[in-house]
A.B. asks: 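Quick one: this structure, given as structure tokens, is what I'll be asking you about.
Throughout, residue positions are numbered sequentially from 1 according to the sequence presented. When a ligand or atom number is given, it counts from 1 through the structure's own listing order.
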Amino acid sequence: MLEDASRSRSGAILTIDLGAIRANYRLLRSRIGSASCSAVLKSDAYGLGASRVAPVLYQEGCRHFFVAHIDEGIKLRPCLALDAEIFVLHGAPPGAEADCTEHGLTPVLNSLQQIASWRAHAKTLGRTLSAIVQVDSGMSRMGLSPNELDAWLADPHFLDGIALRCVMSHLACADELDHPMNAQQLARFQAIRARLPHCPASLANSSGIFLSPDYHFDLVRPGAALYGIAPNARQKMQSVVRLQGKVLQTRSIEAGDRVGYGGRYLASATTLVATVSVGYADGWLRSMSNVGLAIVDGIKIPLIGTVSMDSITFDASALAPERLAPGSLVDLICPEQTVDAVASLAGTIGYEVLTSLKARFHRQYKDDAADDAMNDATPA
Ligand SMILES: *Cc1c(COP(=O)(O)O)cnc(C)c1O
């Protein structure tokens, strides 16, 4: 009942297809041989809801999960069984080490300082603590530099009290198959790994999985591809998100009339304008002004005028006005207009489109695989 009311009151409906996330996870796993496939759930699973996504991936066999911040890990912990490991990409900020151990989180240690603090924390607790150590292979963002790696290998007590789960690094250009930095980072990472015999290793994000098996090592770390973002120009994933905006009203305007803030759209003919109740405050980026599209019954209608905070306007002249009665739905993200296509219209990447989508939408989840499982379990 409540669910229905929220659906009818909201300005838009966001449907998240957990079955598609399952399918994407299976596809990724089928590409990595005997390596393990983790899942990156930072920023609330790229905006899609980590508490809903995590159990589904666990059911698919995923046991390694990555978040960016400790607080994300604390929220995620009760959604997963204890044999699932949660890794915190940013490690513990100074003084927050105990929060990791209290909540069963494993830090990625990115600097000498984080390693020293984790070592000291292990000593205080009098037990061995797990960690991943990140090394920089060319992105210059996080992880030990080559000199710091030398310092590590010269110091037999460097990891006292630390059980090294794996050494990891991150690729900067893996979405571009021919980018020379890929091979360069791989060579650097292989050289580092040769100095750390027997230590498991992890390099590939979603895009890295599709470069070549050389990039897979022991653990891959996909995020975007799970959520339907294409890992490169050739590889498609199943579409996970559908965003349907609601029509507020329609009107007919004449040649010479203007639309929206700044009057930035000038009608050149009689035009049917449809106003839809989604705006930049919902994450429909303002850079979509005069360039966005919606899809109605397979017909693309252009966004005209600037994106307002709570509404957008479309040239719906190609449609019958009855099709756009108040409350009817137009597709903003759907299989015919993927997250990547929207991103390209907005001049950004799919990651930003997904993580921009706000809580104001009515959200619903569907999971065909789980429904099947439930149906299977129901006695005839
Ligand atoms: C975000 C992130 C990932 C996941 O990257 P995708 O491109 O979304 O697959 C993997 N590793 C690290 C270190 C990250 O920050």
A.B. asks: At a 4.0 Å cut-off, with the gap strictly under it, does some heavy atom of Tyr227 reach an atom of ligand 1?
C.D. replies: no
A.B. asks: Please confirm whether the backbone N or O of Val273 pairs with a side-chain atom of Thr271, one donor and one acceptor, at under 3.5 Å?
C.D. replies: no
A.B. asks: Looking at Leu89, which atoms of ligand 1 are within less than 4.0 Å of one of its heavy atoms?
C.D. replies: 13 (C), 14 (C), 15 (O)
A.B. asks: Donor-acceptor pair, Gln337 side chain versus Val342 backbone, under 3.5 Å?
C.D. replies: no
A.B. asks: With a cut-off of 6.0 Å (strictly less than), are more than 12 heavy atoms of other residues, nucleotides or ligands near CZ of Arg251?
C.D. replies: no
A.B. asks: Tyr265 ring centre to Arg258 NZ or CZ under 6.0 Å, with the angle to the axis within 45°?
C.D. replies: no
A.B. asks: Need the ligand 1 atom indices (1-based, order shown) with element for anything under 4.0 Å from a heavy-atom of Ala224.
C.D. replies: 6 (P), 8 (O), 9 (O)
A.B. asks: What protein heavy atom sits nearest atom 11 (N) of ligand 1, and how far away is it?
C.D. replies: Arg221 NE, 3.0 Å
A.B. asks: Answer with yes or no whether the side chains of Asp340 and Thr338 bring together a donor and an acceptor at under 3.5 Å.
C.D. replies: no
A.B. asks: Among Ser36, Ser202, Ser206, Ser38, find the residue that satisfies the side chain to side chain donor-acceptor pair (under 3.5 Å) test when tested with Arg221.
C.D. replies: Ser202
A.B. asks: Mind checking whether Met142 contacts ligand 1 via backbone (N, CA, C, O), side chain (CB onward), both or neither, at a 4.0 Å heavy-atom cut-off?
C.D. replies: neither
A.B. asks: Can you list the ligand 1 atoms lying under 4.0 Å from a non-hydrogen atom of Met168?
C.D. replies: 13 (C)
A.B. asks: Tell me: protein heavy atom nearest atom 7 (O) of ligand 1, and distance?
C.D. replies: Tyr351 OH, 2.6 Å
A.B. asks: Distance to 0.1 Å, residue and atom name: give those for the protein heavy atom nearest to atom 8 (O) of ligand 1.
C.D. replies: Tyr46 OH, 2.5 Å
A.B. asks: Going by the closest heavy atom to atom 14 (C) of ligand 1, which one wins out of Lys42, Met139, Gln134, His90?
C.D. replies: Lys42
A.B. asks: Backbone, side chain, both or neither: what part of Ile229 comes under 4.0 angstrom of ligand 1, heavy atoms only?
C.D. replies: neither
A.B. asks: For the side chain of Glu352 and the backbone of Ala343, is there at least one donor-acceptor N/O pair under 3.5 Å apart?
C.D. replies: no
A.B. asks: For Val40, is at least one N or O under 3.5 Å away from an N or O on ligand 1?
C.D. replies: no
A.B. asks: Check the side chains of Asp160 and His157 for a donor-acceptor pair under 3.5 angstrom, ignoring hydrogens and angles.
C.D. replies: yes
A.B. asks: What verdict does the side-chain hydrogen bond (donor to acceptor under 3.5 Å, both in side chains) test give for Ser317 and Asp315, after you've listed the backbone C-alpha separation in whole Å, the side-chain angles of each residue and the deciding distance to 0.1 Å?
C.D. replies: CA-CA 6 Å; Ser317 307; Asp315 174 353; 2.6 Å; yes
A.B. asks: Does ligand 1 come near enough to Ser207 that some N or O of the ligand is less than 3.5 Å from an N or O of the residue?
C.D. replies: no
A.B. asks: With the threshold set at under 4.0 angstrom, would you say Phe66 reaches ligand 1 through any of its heavy atoms?
C.D. replies: no
A.B. asks: Any luck finding a side-chain donor-acceptor pair between Gln134 and Asn110 under 3.5 Å?
C.D. replies: yes
A.B. asks: Output yes when the distance from some N or O of ligand 1 to some N or O of Asn205 is under 3.5 Å, and no in every other case.
C.D. replies: yes
A.B. asks: So, Gln185 side chain and Ala172 main chain: donor-acceptor pair closer than 3.5 Å or not?
C.D. replies: yes
A.B. asks: Starting from atom 9 (O) of ligand 1, what is the nearest protein heavy atom, named by residue and atom, and what distance separates them?
C.D. replies: Ser206 OG, 2.5 Å
A.B. asks: With heavy-atom distances below 4.0 Å as the criterion, list the atoms of ligand 1 near Arg141.
C.D. replies: 15 (O)
A.B. asks: Any nitrogen or oxygen of Pro222 lying under 3.5 Å from a nitrogen or oxygen in ligand 1? Just yes or no.
C.D. replies: no
